Amino acid sequence: MSIPELPFEIINKIAHFVPRKDRVECITVCSLWRAGFQESLWTEINIRDAKHLDYICGLSTDQLNIYKVYGRCTRTLHLPSFSYIDKKQFSVLQNYFQEIQCLYAPEESLSTIIRDQQSDWSIWGSLKYLKLCIPKTHLCGRVREVFGILSVLPLLSQLDLTTSGSGDIHTYVLEDFETIHQNLPLLRDLSIRPNLGKFSSHDLVGITKVAPAKHLSHMKTRFDGSELKWLDYFSTKYPNLQTLELEDSMDVESKYIEHVKDLQTVYQALGVFPRLKSLEVSSRQSENVACFNLWKIIQRLSLPIKKLRLELSNSGSSQIKRQISLCYQSFGESLEEFAFKDPSFLPCNLDIPNKLGVWPRLVTLELDIQHASFPVDIILYKCKTLKSIRLSAAKIFIMEPIYSATQHHGLVSIHLRKTNVSAAVFSYISACCLKLSRMSLLDVCIFGPTSQFTGHLSICMKYTRFSHLYFKNVLFSSSVQNWCSDTAINILIFSQSSVLKPQEIIPDKYQSVKYDNPTQDSSSRWFHTYSIDTSDLPKSEVRILNIEEIQHAQKYFDSYRTNARKEIYSEDVLRSSTGQLSKELWKFDLSRGYASFYCDYTESYCLDFTPKPYE
């Protein structure tokens, strides 16, 4: 069967796999393609702002109203933030988009509709996903109004309720959760961030009599450690829960830990979560009772958790640090994915790399600790099963000579972000991770010593064949310890040993750069990063050197030691705070040497060496 003979349904299905910008071109092919691809453009509608909203709702019936014609194809609708949609506009949207299944209603978009309680939500009875932001003003009454809306949405399977503005957060009681599940019997995913109220004597009796919500598999909520009976309730209500996300409450005052007497009850209750596989904990107060209780509970979990994500502020607290260390062994035999984030800039002595050996099945590791330094060779040595690493830290290096011996490792993907990286790290990874195929560097500074004879800083990955390589805001420096603007290197050679030409991706703003070097191998590129503003917030761009400039640079580097010595005291040019010169002064960058990134082969790569001020 040829393409023109394909039925409409198949073409429409294919259209959803085609990039949005290409679908517009496909519409012009033929009438059959026009119908299929045009409908696919309407699957998701994003109303950008109040002006866009007024345009859609202001179209008269006499005009050619494409929203009325194709709105039936829309399944996902995004409302604009702070748009204060009134009853008339809401009615128009319901009339145009009657068959939506996903609705995103951010800050203040539906505050008027929720308050008035006069709109017919049953028109959108087909909704399966609802993300609704409730204003905190008079929040208690508005939560009750939201429960009324949920009562006419029986097909809803995913519910995300957030709050915005100033005011008190609604305190939920057991009856509120029971009302949610009574209205939404098919609910699978619940995200709600309330203050959890105290349990009454009636509630304590009711825990054992609640009807289980067997469909719910994912839950995100705030957790007040002063009322641990909530975890007992959740474990009874959600027997099939697979993912649990807990945030500590910022409104809980610090209390003496000795006052908590019912932890043992919670330990026993948690055993009712037989299918729990993923646990995510976010804590912003390191010394309060909620945070401490969370970690005490995590420590005692004896469940086959496969995914653990932790976000803490000031994880250097002595009590929390003790609990975290004990938790390392809690999921030793089952953990496959571990993520740890500490956004604070306080000293951290958790010694995470040396603790990783207790997880023999760990496949994915994500560490974001800006005040820490990570030896990547220790991480690979401790976790031989790792397939993917994402690191963000003050510094990434290798610990020579203890772990420098080359060992074969099955790592496939590495992502480095907002960090200083030793150039030796890349050579080490290339030599021991022969299966590595994907690498991303975002806001990364690469440092290392340059040759005094050639001015060459080598980033060598000669054993690596990339399927995808991505560089964004990458800086280079001849410093031995960390990146420094005084030793910034702005000349880069990107090359590969394979003669096959990869699929090259250069950012849009650089596509006008002409590469007129017919004699040079297509697998090699020379780049120069230059500044177009020498203020404290410089704007920099990158260009490809032409054949004459490359020949001049090669001749200079052939006698680098002599040439650089002549210019070291004669350079009197103005540089940006990140060490770049203006475009026409590029020759003055030669005295600082050049960096070269070399690999075996890249199937596709994106190179954007535009730097920005590094913090």
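Not measured: the values here are computed from a predicted model. Start at 1 with the first residue, then count along the sequence.
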Do [X] and [Y] make a side-chain contact, defined as non-hydrogen atoms from C-beta onward lying under 4.5 Å apart?
X      : Y      : value
Phe527 : Ile491 : no
Leu380 : Leu411 : yes
Leu441 : Ile446 : yes
Phe466 : Ser437 : no
Phe340 : Leu308 : no
Thr76  : Thr43  : no
Pro80  : Phe82  : no
Asn490 : Tyr530 : no

Look at the side chain of [X] and the backbone N and O of [Y], then say whether any donor-acceptor pair between them is shorter than 3.5 Å.
X      : Y      : value
Tyr470 : Met439 : no
Ser427 : Cys460 : yes
His415 : Leu442 : no
Ser109 : Ser83  : no
Ser334 : Lys306 : no
Asn420 : Ala394 : yes
Ser422 : Ala424 : yes

Within this structure, what is the [atom1]-[atom2] distance for the pair [X] and [Y], rounded to the nearest 0.5 Å?
X      : Y      : atom1 : atom2 : answer
Asn546 : Ile550 : CG    : CD1   : 7.0 Å
Leu362 : Glu336 : CG    : CD    : 8.5 Å
Glu337 : Ser278 : CD    : OG    : 7.5 Å
Asp589 : Trp586 : CG    : CH2   : 9.5 Å
Thr454 : Tyr594 : OG1   : OH    : 5.0 Å
Ser392 : Phe374 : OG    : CZ    : 9.0 Å

Quick one: closest heavy-atom pair of [X] and [Y], and the distance?
X      : Y      : result
Leu457 : Phe476 : CD2-CB, 4.5 Å
Ala431 : Tyr463 : CA-CD1, 3.8 Å
Val412 : Leu436 : O-CD1, 3.3 Å

Next on the checklist: Between Gln496 and Thr602, do the side chains contain a donor N or O and an acceptor N or O under 3.5 Å apart?
Outcome noted: yes
Next on the checklist: Holding to ring pair (Phe, Tyr, Trp, His ring centres under 6.0 Å), I want the full list of residues that pass it with Tyr104, two or more places apart in sequence or in another chain.
Outcome noted: His78, Tyr129
Checklist entry - Does the pair Glu245 and Arg309 meet the rule for a salt bridge (Lys or Arg N to Asp or Glu O under 4.0 Å), with working shown? => result CA-CA 9 Å; Glu245 299 183 42; Arg309 298 183 66 86; over 6 Å; no
Next on the checklist: If you count every heavy atom of other residues, nucleotides or ligands that lies below 6.0 Å from Lys395 atom NZ, does the total exceed 12?
Outcome noted: yes
Checklist entry - Does Tyr55 OH have over 12 foreign heavy atoms under 6.0 Å away? => result no
Checklist entry - Can we call the ring centroids of Tyr605 and Phe494 under 6.0 Å apart? => result yes
Next on the checklist: Before you tell me yes or no, could you show the steps for Ser388 and Thr364 under side-chain hydrogen bond (donor to acceptor under 3.5 Å, both in side chains), namely the whole-Å CA-CA distance, both residues' side-chain angles and the distance that decides it to 0.1 Å?
Outcome noted: CA-CA 5 Å; Ser388 175; Thr364 302; 4.9 Å; no
[X] with [Y]: basic N within carboxylate O range, under 4.0 Å:
X      : Y      : answer
Lys307 : Glu280 : yes
Asp600 : Arg465 : yes
Lys583 : Glu541 : no

Checklist entry - Do we get Lys384 above Tyr381's six-membered ring, with its NZ or CZ under 6.0 Å from the centre and within 45° of the axis? => result yes
Item to check | Qualifying residue, where the test is side-chain contact (heavy atoms from CB on, under 4.5 Å) with Leu416 and the options are Leu391, Asp443, Val376 | outcome: Leu391
